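A quick write-up on the structure given underneath.
Below, all heavy atoms of this structure are taken into account, side chains as well, without hydrogens, waters or symmetry copies. Both ligands and their constituent atoms are indexed starting at 1 by order of listing. Computed from a predicted model, the values in this text were never measured in an experiment. Sequence positions, counted from 1, serve as the residue numbers for this chain.
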Amino acid sequence: MARYIFITGGVVSSLGKGLMAASLAALLQARGYRVRIRKFDPYLNVDPGTMSPYQHGEVYVTDDGAETDLDLGHYERFTGVSARQADNITSGRIYRDIIIKERRGDYLGATVQVIPHVTDAIKEFAQAETEDLDFVLCEIGGTVGDIEGLPFIEALRQLHNEMRDDTCFVHVTLVPYIAAAGELKTKPTQHSVRELTGLGIQPDILLCRCEKPLPETERAKIAQFCNVRKSAVIPALDATSIYAVPLQYHAEGLDNEVLRHFGLTAPEPDLAVWDDIVDRFQNPEGEVTIGVVGKYVGLQDAYKSLNEALAHGGMANRVKVRIKWLDAELFEQDDAEIAAQLEPMHGILVPGGFGERGTEGKIASVRFARERNVPFFGICLGMQMACVEAARNTAGIEGASSTEFGPTDEPVVGIITEWMTAEGLQQRSEGGDLGGTMRLGAYEAKLAGNSHVANVYGATQISERHRHRYEVNVAYKERLEKGGLVFSGMSPDGLLPEIVERPDHPWFIGVQFHPELKSRPFEPHPLFKGFIAAAVSQARLV
Ligand code: GLN
């Protein structure tokens, strides 16, 4: 039977509970245990699919097509275990399911209540699909004491009461440094633990985020007032890189303490792979600069996985990747501005995005990359813009555009039902419901045997994750190919363009999917590895 580790947060948000959960899971995995991590989000959205990237950061998509919290990206990157729909739940989803059942009369006249109906649903979710696992780590979003988090805390309390020794509570807190006093302060941690015990939960381990080393006296004080063993007060100093966190927590004894709590003995973890990752990250042999021409450049969380995948590409090539976030809108008027900003770049990447704003700037960046032979990587909207650029500037289709930006006579990109009459294609619902109208999750693609991408992947059959409504219009294939943009990857039925490339360019690839979602530090995605390798060559040329 699986053992459960519940991770809560106190004092403030943004303490890095997700990274902490991912790192602990990686450490347990390195000791030979089978792990899975789950995220409980107390907000009322059914999923983060409709939330603004500015507010909530990136939407992480799983193979089975779930739109989930970006913490699931950390979980995958640190454990290599592919996340599923079953690994992320929100209050919104729970309430929706309960209300559907209630309307159907499933509750046979009973009063439907937070306890037991909502708490039971949370418990069921925590325990579903956990056969074959040694540890299930459950991270609760938000901060202890939040009104919307209460049903989750209550469900955990009940699970603990039912499973006793098979559960462990890890509470992540902040020990702030007060410069005026020159001291680290333990009071917020004490208050936050008191809040938790008031809800019936005694934490077993405290992970104390601090910006200065925690003196032994303060550690002892926290242990005494919070009723935990001193060795279970784990200091968590800010790390130099997120990939150093597992090693750092191990050095502080976190995984030991967890095993001790469960009364388990296990061999020391094999951390060679983490040592190698940190070494590659901290001791690069060069540096390249990648210009990312996007829309949400003000908030890095909006492109979380992309950021990480570029770093992985750097580790694979032993170089540091410096990312220059460029606001596409700035490129809309002025060609001189484009050249000034893009000339110093060793590679240009146009990432995914929604809506028309900034797209003319993205198209201009594609053109710059094509004409100047700078390595170019277009992802999702980035590929679509590469196709519009090709249509306008190399195939003579002046009015080429995407129907996402309004009606056009030349829909080089469009909703498939707008331009496809071929049989066998599913007509997608385009009703008023914004959730659920996208192509989501893993789809296969076939790559042309003699193509650059087949070479990059070392395969001609791939599966990648999608999240988009619009598709490149296969009716324009011939005309775009004459202009030099080759459709080198297609859906297995040959109807949906998945990859385009330029054989006459050093490195020019556009993909309809999101490869960044599947890149891992110990297994960098081949496209990012290849793109950074091309940027390294570019850096040596200039
Ligand atoms: N807006 C485009 C679409 O819906 C691209 C989406 C994306 O880049 N993820 O097809």
- Cation-pi between Arg370 and Phe376: NZ/CZ under 6.0 Å from ring centre and within 45° of the ring axis? no

- Message: Quick check with a 6.0 Å cut-off and a 45 degree axis cone: is Arg439 positioned over the face of Tyr443's six-membered ring?
- Response: yes

- Is the shortest distance from a heavy atom of Met438 to ligand 1 less than 4.0 Å? no

- Compute the minimum heavy-atom distance from Glu471 to ligand 1 and say whether it is under 4.0 Å. no

Per-atom contacts of ligand 1 with [X], taking only distances under 4.0 Å to non-hydrogen atoms:
| X | result |
| --- | --- |
| Arg467 | 6 (C), 7 (C), 9 (N) |
| Gly352 | 8 (O) |
| Cys380 | 5 (C), 6 (C), 7 (C), 8 (O), 9 (N) |
| Arg469 | 3 (C), 4 (O), 10 (O) |

Considering only the protein, which heavy-atom contact is closest to [atom], and what is its distance?
| atom | value |
| --- | --- |
| atom 2 (C) of ligand 1 | Glu404 OE1, 3.3 Å |
| atom 6 (C) of ligand 1 | Gly353 O, 3.4 Å |
| atom 10 (O) of ligand 1 | Tyr470 N, 2.8 Å |

- Is any NZ, NE, NH1 or NH2 atom of the basic residue among Glu329 and Lys295 found under 4.0 Å from an Asp or Glu carboxylate oxygen of the other? no

Return yes if a side-chain donor-acceptor contact under 3.5 Å exists between [X] and [Y], otherwise no.
| X | Y | answer |
| --- | --- | --- |
| Thr240 | Gln282 | yes |
| Tyr60 | Arg467 | no |
| Gln29 | Thr79 | no |

- Is the shortest N/O to N/O distance between His514 and ligand 1 below 3.5 Å? yes

- Run the ring-ring contact (aromatic ring centres under 6.0 Å, His included) check on Phe531 and Trp507 step by step: do they pass? CA-CA 7 Å; Phe531 178 55; Trp507 209 99; 5.3 Å; yes

